[in-house]
Amino acid sequence: MPPDSGGLDYSVETPDRSPTRISKPRPSPRVMGPLTMRDAYSGTESDRALIDTILFLEKKPQVDVSIKKKFDRCEAVKMEQSDGISHDSVKGVVKDEYLDYGIKIDDKETESCVDVWSMGLKTENIARVLPGRIMAVRFLPCNDVRMIVAGNKFGNVAFWNMDSKGEEGDGIFLYRHHTGPISGILCQQSCLSKIYTSCYDGFLRLMNAEKEVFDLVYSGRFSSQWILHEDRINSIDFNSQNPNIMATSSTDGTACLWDLRSVNADKAKSLKILNHNRAVHSAYFSPSGSFLATTSADNTVGILGGVNFEDTSMIYHYNQTGRWLSPFRGIWGWDDSSIFIGNMKRGVDVISCSQRRSILTLQSSHMSAIPCRFDAHPCKVGMLAGATSGGQVYVWTSS
DNA sequence: AACCCATGTAGCC
DNA sequence: TGGCTACCCTGGGT
């Protein structure tokens, strides 16, 4: 998080409507639930999203039972050629030197900390956790429990405890958390029980997972605001080395780098603008902070590196997801070596940062849908989650 | 400004 | 098994 709150008003308000737990009953005096079809069709809750959710809970097995094979080793497909790479500049970085942005350049060709070729998809690591399209997926940053948090377009949030197989509900707990699509989920390692969710409805909610208490922490009121883009902002990311440096991506076709210290002034001026030909759906810093990866509807993934991110490489990657899938967003793995991004062939392309090209595709016959949104486990290297528009979550692990 | 089109998934028959 | 339809309300083209 940036050191400056950016003028956001964090005062707590009484929620307009308490989010409601809708999974199988578990004793908790603080929340409503479980809901029934009668609830769904009567009173204020009679909206389509809730009905869909109830129907899903009543009818659908939560783990795909059609899967028969026990274990499917990753069918890694070697990319035949480096398609459409343009190397504008991939050289000339200065080692061990702090530059204008306060970001240390690391040009070492370090060995990747994970063998991406060994990443595989086990059937027990596949589950349908939600109805409808998953908009955001996150691992709980915890070494002890493999817990996944996913949010869908209806405003539901699911918790999937991957370690509680065979238990009631297969370790999947579903909450009605928001009234619109979940735009983001934030879990912090320092306090695992606090999970923030943001929503298209303008609300930011904090869930205390231990007590199952939900609080509205932010309701869209600004004491100040910045106009950074001409169109919708699709992603915000902060540099791990210098949290004053922020990256945004926008439907206006640009990804921008900002210095929050100067953005606080009247006029916002970006440090750098990367122009794409179409909407930019993500701009994420690499774990070390030395690189920025952008994903755009113009069918490119951009990698910015070098001194003040002046070296730009545009890598061809087909990103036309159409109307029913969430746009792809290339995420970084566990170091600066690779970027993971979904493809339209029900696979996950792994882009090598140093080679500036796709080096392999993770594929599996058990994937019935295209994974669009991803998260790399912050504690477990090689554990990657992908979420689909059908509510499934796939979790790859490396051997 | 109005309209049209493509896109993938799941559930139903 | 396969064909049909609802979903959805984007983003680009005409």
Side-chain angles (χ1 to χ4, degrees), chain A residues 37 40 46-68 121 126-137 150-156 158 172 174 178-184 199-202 229-235 248-255 275-283 294-302 316-330 341-349 361-374 385-394:
Chain A
M37 285 301 287
S46 62
D47 62 39
R48 179 59 200 268
L50 185 62
I51 293 167
D52 282 354
T53 306
I54 300 289
L55 290 172
F56 168 80
L57 285 170
E58 291 194 342
K59 286 186 180 173
K60 295 292 159 191
Q62 289 177 329
V63 176
D64 195 345
V65 292
S66 66
I67 294 159
K68 294 177 187 72
L121 185 61
I126 299 172
R128 184 165 302 164
V129 301
L130 284 166
R133 186 194 302 188
I134 296 179
M135 310 291 289
V137 62
N152 71 0
K153 62 180 176 179
F154 301 141
N156 302 127
I172 296 167
L174 195 54
H178 285 279
T179 57
I182 307 282
S183 53
C199 179
Y200 283 26
D201 64 13
H229 284 276
E230 291 171 13
D231 209 325
R232 193 179 69 199
I233 292 174
N234 294 312
S235 73
T248 55
S249 65
S250 168
T251 301
D252 70 10
T254 64
N275 284 302
H276 278 274
N277 295 322
R278 298 270 171 84
V280 187
H281 287 291
S282 68
T294 62
T295 308
S296 168
D298 69 0
N299 293 331
T300 58
V301 168
Y316 176 80
H317 188 270
Y318 185 76
N319 290 328
Q320 301 307 307
T321 47
R323 191 179 175 185
W324 313 113
L325 296 186
S326 300
F328 293 144
R329 291 175 178 175
I341 183 167
N343 70 30
M344 294 299 275
K345 295 170 186 167
R346 294 196 184 130
V348 185
D349 291 327
T361 300
L362 303 176
Q363 282 182 330
S364 165
S365 54
H366 300 322
M367 294 169 67
S368 63
I370 293 169
C372 297
R373 296 294 159 88
F374 293 90
T388 75
S389 66
Q392 299 102 329
V393 173
Y394 303 115

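The sequence lines fix the lettering, A, B, ..., with proteins before strands; numbering per chain opens at 1.
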Q. Which whole-number value in Å describes the distance from A/Asp252 CG to C/dG11 P?
A. 12 Å
Q: Look at the side chain of A/Arg323 and decide which nucleotide, out of B/dA10, B/dT9, C/dC8, has an atom nearest to it.
A: C/dC8
Q. Does a side chain donor of either A/Thr254 or A/His229 reach within less than 3.5 Å of an acceptor in the other side chain?
A. yes
Q. Going by heavy atoms in the side chains, are A/Val129 and A/Asn152 under 4.5 Å from each other?
A. no
Q. Whole-Å distance between B/dG8 P and A/Met367 CE?
A. 14 Å
Q) Nearest to the side chain of A/Phe154 - C/dG12, C/dC8, B/dT9? A) C/dC8
Q.
Give me the distance, rounded to whole Å, that separates B/dC12 from C/dC8 when you measure between the P atoms they each carry.
A. 16 Å
Q.
Output the rounded distance in Å from NZ (A/Lys345) to P (B/dT7).
A. 14 Å
Q) Got a sec, which residues hit side chain to side chain contact (heavy atoms under 4.5 Å, CB included) with A/Cys372, two or more places apart in sequence or on another chain? A) A/Leu325, A/Ser326, A/Phe328, A/Ile370
Q) Tell me: CD1 of A/Ile134 to P of B/dT9, nearest whole Å? A) 13 Å
Q.
Is it the case that the side chains of A/Asn234 and A/Ser249 hold a donor-acceptor pair, with the cut-off being a distance below 3.5 Å and no angle test?
A. no
Q: Quick one: the dot-bracket string of DNA chain C, using Watson-Crick and G-U wobble pairs with both distances under 3.5 Å, [ ] for crossing pairs and | for bases paired to another strand.
A: .||||||..|||||
Q) With a centroid cutoff of 5.5 Å and a plane-angle limit of 30°, would you call A/Trp324 stacked on B/dT9? A) no
Q: Return the nearest nucleotide to the side chain of A/Met344; candidates are B/dT7, B/dG11, B/dT9.
A: B/dT7
Q.
If you define the side chain from C-beta out and look only at heavy atoms, does anything of A/Val280 sit under 4.5 Å from A/Ser250?
A. no
Q.
Measure CD/A/Gln392 against C1'/B/dG11 and give the value in whole Å, please.
A. 13 Å
Q. A/Thr300 versus A/Asn277: any side-chain heavy-atom pair under 4.5 Å?
A. no
Q.
If you assign A/Arg133 and A/Arg232 each to the DNA chain C nucleotide with the nearest heavy atom, which residue ends up on the more 5' nucleotide?
A. A/Arg133
Q.
Taking only side-chain N and O atoms of A/Gln320, does any of them lie within less than 4.0 angstrom of OP1 or OP2 on C/dG11?
A. no
(Q) At 4.0 Å (heavy atoms only), tell me whether A/Arg278 reaches a base, stays on the sugar-phosphate, or touches nothing. (A) sugar-phosphate
Q.
If I take atom NZ in residue A/Lys153 and atom P in nucleotide C/dT10, what distance separates them, rounded to the nearest angstrom?
A. 13 Å
Q: Indicate yes or no: at least one non-hydrogen side-chain atom of A/Gln363 is less than 4.5 angstrom from one of A/Arg346.
A: no
Q) What is the distance, rounded to the nearest whole Å, between atom CG of A/Leu325 and atom P of C/dC7? A) 17 Å
**Q.** Whole angstrom value for the distance that separates P of B/dG8 from CZ of A/Arg346
**A.** 9 Å
Q) Expressed as a whole number of Å, how far does the P atom of B/dA10 sit from that of C/dT10? A) 22 Å
